[in-house]
Protein chains: 6
Amino acid sequence: MPRPDSRQNDQLRPLVLERRANPYAEGSCLIRMGGTLVHCTATVETGVPGFKKGTGQGWVTAEYAMLPRATVERTSRERTGPGGRTQEIQRLIGRSLRAAMGTMAFGEYTIRIDCDVLQADGGTRTAGITGGCIALADACSWLAERTGQPSPFGRLVAAVSVGLIEDELRLDLAYAEDKDAGVDANIVMLEPAQFVEVQGTGEHATFSRAQLDTLLDLAERGIADLFRAQRQALGW
Amino acid sequence: MPRPDSRQNDQLRPLVLERRANPYAEGSCLIRMGGTLVHCTATVETGVPGFKKGTGQGWVTAEYAMLPRATVERTSRERTGPGGRTQEIQRLIGRSLRAAMGTMAFGEYTIRIDCDVLQADGGTRTAGITGGCIALADACSWLAERTGQPSPFGRLVAAVSVGLIEDELRLDLAYAEDKDAGVDANIVMLEPAQFVEVQGTGEHATFSRAQLDTLLDLAERGIADLFRAQRQALGW
Amino acid sequence: MPRPDSRQNDQLRPLVLERRANPYAEGSCLIRMGGTLVHCTATVETGVPGFKKGTGQGWVTAEYAMLPRATVERTSRERTGPGGRTQEIQRLIGRSLRAAMGTMAFGEYTIRIDCDVLQADGGTRTAGITGGCIALADACSWLAERTGQPSPFGRLVAAVSVGLIEDELRLDLAYAEDKDAGVDANIVMLEPAQFVEVQGTGEHATFSRAQLDTLLDLAERGIADLFRAQRQALGW
Amino acid sequence: MPRPDSRQNDQLRPLVLERRANPYAEGSCLIRMGGTLVHCTATVETGVPGFKKGTGQGWVTAEYAMLPRATVERTSRERTGPGGRTQEIQRLIGRSLRAAMGTMAFGEYTIRIDCDVLQADGGTRTAGITGGCIALADACSWLAERTGQPSPFGRLVAAVSVGLIEDELRLDLAYAEDKDAGVDANIVMLEPAQFVEVQGTGEHATFSRAQLDTLLDLAERGIADLFRAQRQALGW
Amino acid sequence: MPRPDSRQNDQLRPLVLERRANPYAEGSCLIRMGGTLVHCTATVETGVPGFKKGTGQGWVTAEYAMLPRATVERTSRERTGPGGRTQEIQRLIGRSLRAAMGTMAFGEYTIRIDCDVLQADGGTRTAGITGGCIALADACSWLAERTGQPSPFGRLVAAVSVGLIEDELRLDLAYAEDKDAGVDANIVMLEPAQFVEVQGTGEHATFSRAQLDTLLDLAERGIADLFRAQRQALGW
Amino acid sequence: MPRPDSRQNDQLRPLVLERRANPYAEGSCLIRMGGTLVHCTATVETGVPGFKKGTGQGWVTAEYAMLPRATVERTSRERTGPGGRTQEIQRLIGRSLRAAMGTMAFGEYTIRIDCDVLQADGGTRTAGITGGCIALADACSWLAERTGQPSPFGRLVAAVSVGLIEDELRLDLAYAEDKDAGVDANIVMLEPAQFVEVQGTGEHATFSRAQLDTLLDLAERGIADLFRAQRQALGW
């Protein structure tokens, strides 16, 4: 069964990382992966959450939302608080980006990454991580200039989805594939080859140890490509 | 005192109306007025609010929100319900766009206009009306095709801000002007020259009848230009 | 078409201002305009909102609510937060009353005006402004006595509604007129003849520049009468 | 120790029951007991809560609120839902007024009693019951006229507070007494001499069986006076 | 009519007080009264509510909740705030346990009693008071050890329900009796024989003075038994 | 470094599955794993969520909560809605238990699994899955008896945590291990050896592919033991 856009099973969708897409934020990146479009900004705020106060350490956290017509059917705004899915995504993005930091000892600042989905064609949370990492790196540099300290950024973090559709194991699922996937996994890695998160979920199907191994192989190869694109966007 | 961008007092900022900017919505327009950028979509939904049920009539309503870094300082998401300012803006946009309808007897559908501010440099609510009108006109055509009825759209609606800054009366205020304006007014008009809304507010100053007259003159001229741009975008 | 109560089009309804109607508040006024009855109190509270802290300046703000049977049909209490209409009214009353202040440099106090509608027969928000101004003036005097400073009160503020009903332009609409009005405007002025707010809205109709001019004339004359009644109530 | 207003320990405060004080409600009563002033209305609504649907029976319920300056210090509006004290009072008033009904088989209507406290000088919940009973009786008559059935009202209900202040047992406590009372009890009775509720609470003190007996005696005598005043107000 | 479990009308259900049932809390008791099972813990927290700050005094408060299947039909979790019934129960338990304190001058600590109902077969609030008193006594001893002061605990408090079922007056109602009771009363007493709360409610029926007297007699005798069981559990 | 309770790295804590621990629920299990104690009930409700209506299919969902003193420090009740962590856990338990169903075509019923944590010593979500599966199986049998259809239950599901503490890879972490774990993974499997969920998270550390492989090996062996215990509890 060919993929909707005729890609190979181990091929990423076309990727564009538009660094500094926002005129005001301390770091920003507009990431496009196929039909998915996520606007990522990093804001440096003075102060930290209660559990970090007085430690001299900073904090990195994330928020995630979709414009109502990012989706084919309109999605209501989450005006009575973020729902369960949104909170789960925010927590994943936050944890992943904290893993990218070289040190949290950059003073009592909070770096808040906002991932706003302008178009949703699958893989919005992983795109948020990959694009948010660019915004975070730039915000760290901005902070370094202000404080005269070295940048607290550590290593690049990137993420991709993989899944089992009928009998095929595929990289970087578009929405049309994702909604029917028996198994859907999101893999987050730190450069060059360490895992930060592995979240594999089978609601419509389960998966064997051998299938899991293949999914991890696919993700590792795809994320290596994402690291190259991030380095290019940052001019590293 | 020259304006920040050296415009004449009766001159609009550069305007771009990108019709059909969203791939999924029944109508859409990305409106740029100087540094202000608002993403407007129109969604046609089956059903109407309770007070319209059983009347055979439709409804038009609006929602308004800002991305967190649409502003120089980050603005928190309104996750515990829209605040007072947001509701006031939503109600204004909704009323204004209902005035553009030729008839509400288009069946029990709700046309929901979402105005999402990507960048906020003054005049976001008036830009939402001007851009939202394009999205609404296209959604009306979409609906007409579905139902085989004539489009329920009536006449173009557009809006602009005017204000008193120190002693000068100016058209289309940018944020740097707006925040210091003694008097700030938003004027909404229906083509060719009828008023829909006049909202003039003096918190830092008050205004005389003569000043109000001049502000209305400025707005009428600016809105005539907006009508021309809307016609061009729609190919009318 | 005669008015429901046989008034002339440029005539106010019978007005009563009962100053000091509440035994506890620092200023209060029960205002009756025809069948509309609003209980206004001014409370002086220590402290100011966050954005005023440390400035040595005070703040003036307003709250607005209706008893459930202020209306012919029962209106539910707003127990999950003030709705959009209520917030819009509160913001209007607050801005209008701040315009009445001669100075905000009266120390870090908040003067909170509560407008509770006991009976609603049209024009409740404008009655709240006119009656709230009496309560505010007395609270300023109370504060002046406590602090030994001159009263921070500036000039009288008053408000009235005007509207277009079928082809007639009328002053001070009762509910039966207001609900069918094609155009409804609320005008707030500062003594003797400056505008604070002009809010004209046409949902069922639009209005020409000439009609707007006549509405403003009507309002100016009506508000001059309100200023006289306020002066008498205050013994000025 | 004399009472603040020199009353005898077994004497009620001056009582006024102004029947039909509200122009719109199906029943209403403004009750004044000394410095306490409560505006009670009864609204007949079509429909019943879920647990009564399909039974052919009606329901009686109550809401309670205070104007912000009903109290010496301003009390915030309960805009995020009624607090614990308010809900407890509402439930008490609702239960008490349901006891006044002769039958609940008056069709699927809800009679909603709103008790809004304009001035609070102690005993607001008991005044709400006594005044609300008048509003309820009239709403039952109104309903009887509409439906052509006999009025579902049964017997008069009235309530009063009693308490232990230092060593004295007193009837109908004013706020200055209530706040220091060691024991505070609210007694609700049905004409002629049945108990509906007995709520005696000792937070600052406890009470013996003998003291409880005397408190009940005081309440029985005071409520007999309230029944007489209710009959007079209703013209029975 | 015999009782469902063949008890005498003046007989308590089998009672078990399992002191220190929770491994972490400063005081705890699992109380079983027939089929009712309530897990009570006492937590000592640093700090007091605002109205106690700076007084050097402590505070005692309570929370109450039910597991969803504590009841025959599942009861929804109260995830949008405690409902009216829950708040009323919490306030009753809190007041009752404060009455048990010998002094509130034990430093600015809050002792929070959590009553979680594992099984609900009638009398859960009174069981919460009786069991919560054991947890409170132990938390007071724990605090006394920490501060080197004498325990602030005063006298035992216990509670029981009584009611009128058809023509019979009964002690300690099980759920099957409680739901049909014409009159239901909860009585809280302080050792040896003082009343803290008397809450008698007749929704389905009213009660005479003579019936109230008998209910109070039943309660006094039942509570005397509870005091004996508490003393045994505490080893006093 | 030995484990706190001297277990081998590949050893589970002592496990007790008390089937039918709740007297009212359609299925229930009290699961104890070392110091962790979770009360699981299954409730069969008529009706399904909106997205299942009219399909003839049922639904399985889960709720999760902790008693306040399930933890060493008191945890506040989630009375303004479940927090992000709770929702994430609920979604995980719900997905996992749906995987255990042989068919969803058991009629429009919702089986709701409540997991209430009485004591929390690590691994509460995985214990909720393992214990909830017993409750679910019994509720399916209950439903089968009512409907005369075969039980819709499919295969056993069980779960366990594994983690990386310093350099050691361990099975079934207790809280003292979990809080310091560099990597923490929850593995859910379907009998005999299929994966349902793999959630590996490294906040304090990252993990290599080889470490992930070992963690999966540990989990597979531990879950095989859990399946044996579940079979024994169910008498299969």
Side-chain angles (χ1 to χ4, degrees), chain A residues 20-30 32 34-47 61-83 86-87 90 109-121 132 135 138-139 175, chain B residues 20-30 32 34-47 61-83 86-87 90 109-121 132 135 138-139 175:
Chain A
R20 292 177 187 144
N22 178 289
Y24 303 130
E26 284 76 64
S28 63
C29 180
L30 184 68
R32 182 184 290 274
T36 286
L37 188 60
V38 185
H39 180 266
C40 308
T41 55
T43 300
V44 180
E45 300 173 341
T46 301
T61 187
E63 296 190 8
Y64 170 96
M66 288 204 286
L67 292 204
R69 284 312 288 269
T71 47
V72 174
E73 303 282 317
R74 185 176 185 276
T75 307
S76 296
R77 295 171 194 279
E78 294 189 313
R79 280 187 159 166
T80 52
T86 295
Q87 290 191 55
Q90 294 186 153
Y109 298 96
T110 295
I111 305 180
R112 190 178 302 272
I113 309 296
D114 285 289
C115 297
D116 284 89
V117 180
L118 306 185
Q119 288 174 220
D121 188 21
D138 277 345
Y175 177 69
Chain B
R20 293 177 186 145
N22 178 289
Y24 303 128
E26 285 76 64
S28 64
C29 180
L30 184 68
R32 182 184 290 274
T36 286
L37 188 60
V38 185
H39 180 266
C40 308
T41 56
T43 299
V44 179
E45 300 173 339
T46 301
T61 187
E63 295 190 10
Y64 169 97
M66 288 204 288
L67 292 205
R69 284 312 290 268
T71 47
V72 174
E73 303 283 317
R74 185 176 184 277
T75 306
S76 296
R77 296 172 194 277
E78 295 189 312
R79 281 188 158 166
T80 52
T86 294
Q87 290 193 53
Q90 293 186 155
Y109 297 97
T110 295
I111 306 180
R112 191 177 302 273
I113 309 295
D114 285 291
C115 297
D116 285 88
V117 180
L118 306 184
Q119 288 174 219
D121 188 20
D138 277 344
Y175 176 69

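Only heavy atoms go into these numbers, but all of them, side chains included; no hydrogens, no water, no symmetry mates. Every chain is numbered from 1, with letters handed out A, B, ... down the list of sequences.
The part of T41(A) that comes within reach of chain B is its side chain, from C-beta onward, which places non-hydrogen atoms under 4.5 angstrom from that chain. With a threshold of 4.5 angstrom between heavy atoms, E73(A) does not approach chain B through any atom at all. Contact of T71(A) with chain B is made through the backbone alone, with heavy-atom distances under 4.5 Å. Residue S76(A): no heavy atom, backbone or side chain, is found under 4.5 Å from chain B.
The CG atom of L67(A) sits 7.0 Å away from atom CG of L118(B), with the distance rounded to the nearest 0.5 Å. Taken from CZ in R112(A) to CZ in R74(B), the straight-line distance is 5.0 Å, to the nearest 0.5 Å.
Heavy atoms only, all atoms of each residue included: C115(B) and R77(A) are closest at N-NH2, 4.4 Å. The minimum heavy-atom distance linking R79(A) with P82(B) is given by the pair CD-CD, 3.7 Å.
Between the N22(B) side chain and the R69(A) main chain, a donor and an acceptor come within less than 3.5 Å of each other.
Under a cut-off of 6.0 angstrom, the local environment of OH in Y24(A) is crowded, with over 12 non-hydrogen atoms contributed by other residues, nucleotides or ligands.
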